[in-house]
2 protein chains.
Amino acid sequence: MDAFSIGEAAERLALSPHTLRYYERAGLLDMVARNSAGRRVYTNADLHWISLLMCLRSSGMPIANMKKFSNLVRAGLSNVPDRIALLEQHRAKVIADMAALQSALTIIDGKLQRYRGMSNENQAAR
Amino acid sequence: MDAFSIGEAAERLALSPHTLRYYERAGLLDMVARNSAGRRVYTNADLHWISLLMCLRSSGMPIANMKKFSNLVRAGLSNVPDRIALLEQHRAKVIADMAALQSALTIIDGKLQRYRGMSNENQAAR
DNA sequence: TCTTGACTTAGAGCGCGCTCTAAATCGTAC
DNA sequence: GTACGATTTAGAGCGCGCTCTAAGTCAAGA
């Protein structure tokens, strides 16, 4: 099985057909095959590529950069260094985001401890 | 020094006066004092509270939940358990987000390694 | 044959979190 | 007194990433 309707593809990828079409229009996918009736037919390779896109998206890459990346991939192997540069830049951002989340977490945990202390005192006072 | 104009407060907090006013209108701050001319005067306590808000915001809490939290704080000490619940829920989301970033990072690193391999092969082939 | 439901398109709409505008007011420096 | 720059308000506007609408096409099943 290597041919999926947009509905099947959407289900497997856990996103909506609307979003799949939007990504295509946005220039993130190209050459999604069509059947005789003009309907999209997704291959496993398509799904795999879209999975990578979803990984980039969910880790905070803006659509515009995803489009740049897609264009590089589309343009052939000669620009692999450019792809590396783009991914490394994104990698740095992801790591920075993780660090920011970690420091927020520390503050939140501090606040929680304070609240737990207050909560216990209240109980003890009754 | 425990009194800041909106401009000074904005500078110290690294956000814009517009955003400070927006947060106030959104119900995240209350009782920001005014001077005789009707202008806002921020205390250190205000700045500290806003810093906590920024921590929540930057770690992905939606404004609506920040408002709920603000309302709880405003309503007094009796609802500390509710605040704990809200923060713990957020804490769980932050941890989930960090895990998602980590798994994206693993995929990105895998892709980078593949690209580096391709790049080296290309060089070797020349 | 007719109905049903998944698909097609271009384009509009939406939710979020700001971000800016316009017109007015105020305090300070000249 | 007057010019300037920071502030005030209500409300409009914006950028992003979807998300939905409307009108139409098509294939399969009753």
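Proteins get letters first, then strands, A, B, ... in listed order; numbering begins at 1 in each.
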Upstream residue (5' side of DNA chain C) when B:Met61 and B:Arg21 are each assigned their closest nucleotide: B:Met61
First and last nt of DNA chain D near chain B, cut-off under 4.0 Å to heavy atoms, 5' to 3', are D:dA6 to D:dG11
Strictly by modelled atom types, are B:Asp109 and B:Thr106 linked by a side-chain donor-acceptor pair under 3.5 Å? no
4.5 Å side-chain heavy-atom contact, A:Met31 and A:Arg74: no
Identify whether the distance between the nearest side-chain nitrogen and carboxylate oxygen of A:Glu88 and A:Arg83 falls below 4.0 Å. no
Is any side-chain heavy atom of B:Arg21 closer than 4.5 Å to one of B:Arg40? yes
Output the rounded distance in Å from CZ (A:Phe4) to P (C:dC7). 13 Å
Could you check if a side-chain atom of B:Thr43 sits within less than 4.5 angstrom of a side-chain atom of B:Phe4, using non-hydrogen atoms only? no
What is the distance, rounded to the nearest whole Å, between atom CZ of A:Arg34 and atom C1' of C:dC7? 10 Å
Of A:Tyr23 and A:Arg39, whose closest DNA chain D nucleotide lies nearer the 5' terminus? A:Tyr23
Closest-nucleotide 5' rank along DNA chain C - winner of B:Ser36 and A:Ala37: A:Ala37
When we call it a touch if two heavy atoms are under 4.0 Å apart, what does A:Pro17 touch: a base, just sugar-phosphate, or nothing? nothing
For B:Arg40 and C:dG27, give me the distance from atom CZ to atom P, rounded to whole Å. 16 Å
Quick one: side-chain hydrogen bond (donor to acceptor under 3.5 Å, both in side chains) pairs with a partner in residues 49-68 of chain A, sequence neighbours left out? A:Ser59-A:His90
Base, sugar-phosphate alone, or nothing: which one does A:Ser5 contact when heavy atoms must sit under 4.0 Å apart? sugar-phosphate
